[in-house]
Amino acid sequence: MARRKKIYEGKAKILYEGPEPGTLVQYFKDDATAFNAEKKAVIEGKGVLNNRLSEFFMTGLQSIGVPTHFIKRLNMREQLVRQVEIIPLEVIVRNFAAGSMAKRLGMEEGAPLPRPIIEFSYKDDKLGDPLVPEEYIIAFGWASQQDLDDIVALALRVNDFMSGVMHGVGIKLVDFKIEIGRIWDNDFHRLVVADEISPDSCRLWDIESGQKLDKDVFRKDLGSLTDAYTEVARRLGVLPSNVTHRPRPTLIN
Ligand code: C5P
C-alpha cells in the first residue's frame, strides 16, 4: 500500500494530499501548544473534538452562504478540504477585551467593546505572529485592498453566525481567529474560510458563570481541556459517540 504524502505539519494539524487534485486531508492531532509552542502537551481526544466542532461551524457557515474550504468529514480525526493558498494573516475578531488586547491596552478582561474589532497578525511563528496594520499587508503584497475588504466582510459574517450559535447554547463568543485562503480559477480567485474553527482558536465563556471553555483552560492551567471542549460539543449537540462525558445533573421542577 502506498504511503500518503504529507504536505504540511503544523502544531495541531497535519495536511495530507487528498484523493482528487485540489483537495487535502486535514488530520487533527491531540497536540496542544500555547505561547508560540513554549508550552506543549498531548491532550487525548482534543483532535476528535476539534474535527467535529470545526465541521459543525464550517457546515453552518456554508449553510448561510459563507464559503469555506470544508468538503466533508472522513472519520473521527480527518476531514476532506479544498486546497487553498493561505493568506499569511491571522484574522482576529474581538467582541470583548481579552488576551493580548486586554494586556496591550490595560483593559479589564471581559470589558465589552463598542463594536466588533478586527485585527491582523502576520503568520510567522519565529516572529511570534506580530500584529500588523493594514498598511503593511497591502504594501508587502500579502493581500490587496479588495482582498482586505472581502476578508473584513467575511470575518464579520463569521462573527455574527458564531456569536448567535454560541449565544443559543449559553456561551459568550469573546474573540476568535480565522484564516482565509484563496481558491484560484484561472486568473481570478475567491476567498474562503480555511484552517479550522474550534475552541483552540476562540475564547468561549459560559454566559452565567464566566467559566472558560476554550484553550485558555490549557494556557492558564484552569482544569481539563477535554472536559471544556466536550461541554461545548455537548451543548451544540455534536458530541462524538466514543468520547466519554459525565452526564450533568438536570433540574426537575
Ligand atoms: O492572544 P490573543 O488575545 O491575541 O488571541 C485572540 C484570539 O485569537 C483568541 O481566541 C486566540 O485563541 C486566537 N488565536 C489563535 N491563534 C493564534 C493567536 C490567537 O487561534 N496564533
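All residue numbers refer to positions in the sequence shown, counting from 1. Start at 1 and go down the list; that is how both ligands and their atoms are numbered. For the numbers below, each heavy atom of this structure counts, side chains included, while hydrogens, waters and symmetry mates do not.
When the options Asp160, Leu173, Leu156, Asp175 are evaluated for a side-chain contact (heavy atoms from CB on, under 4.5 Å) with Pro116, the one that passes is Leu156.
For the pair Lys212 and Trp205, the cation sits on the ring face: its NZ or CZ lies under 6.0 Å from the ring centre, inside 45° of the axis. Cation-pi geometry between Lys172 and Phe96 is met: the NZ or CZ atom falls under 6.0 Å from the ring centre, inside 45° of the normal. Phe218 carries Lys39 over the face of its six-membered ring, with the cationic atom under 6.0 Å from the centre and within 45° of the normal.
Under 4.0 Å is where a charged nitrogen must lie from a carboxylate oxygen, and between Lys46 and Asp200 at least one such pair does. Between Arg4 and Glu78 there is a salt bridge, since at least one side-chain N of the basic residue sits less than 4.0 Å from a carboxylate O of the acidic one.
Near ligand 1, Glu90, Ile92, Arg94, Ala98, Gly99, Ser100, Asp129, Asp175, Phe176, Lys177, Asp200, Ser201, Cys202, Arg203, Arg219 each place a heavy atom less than 4.0 angstrom from the ligand.
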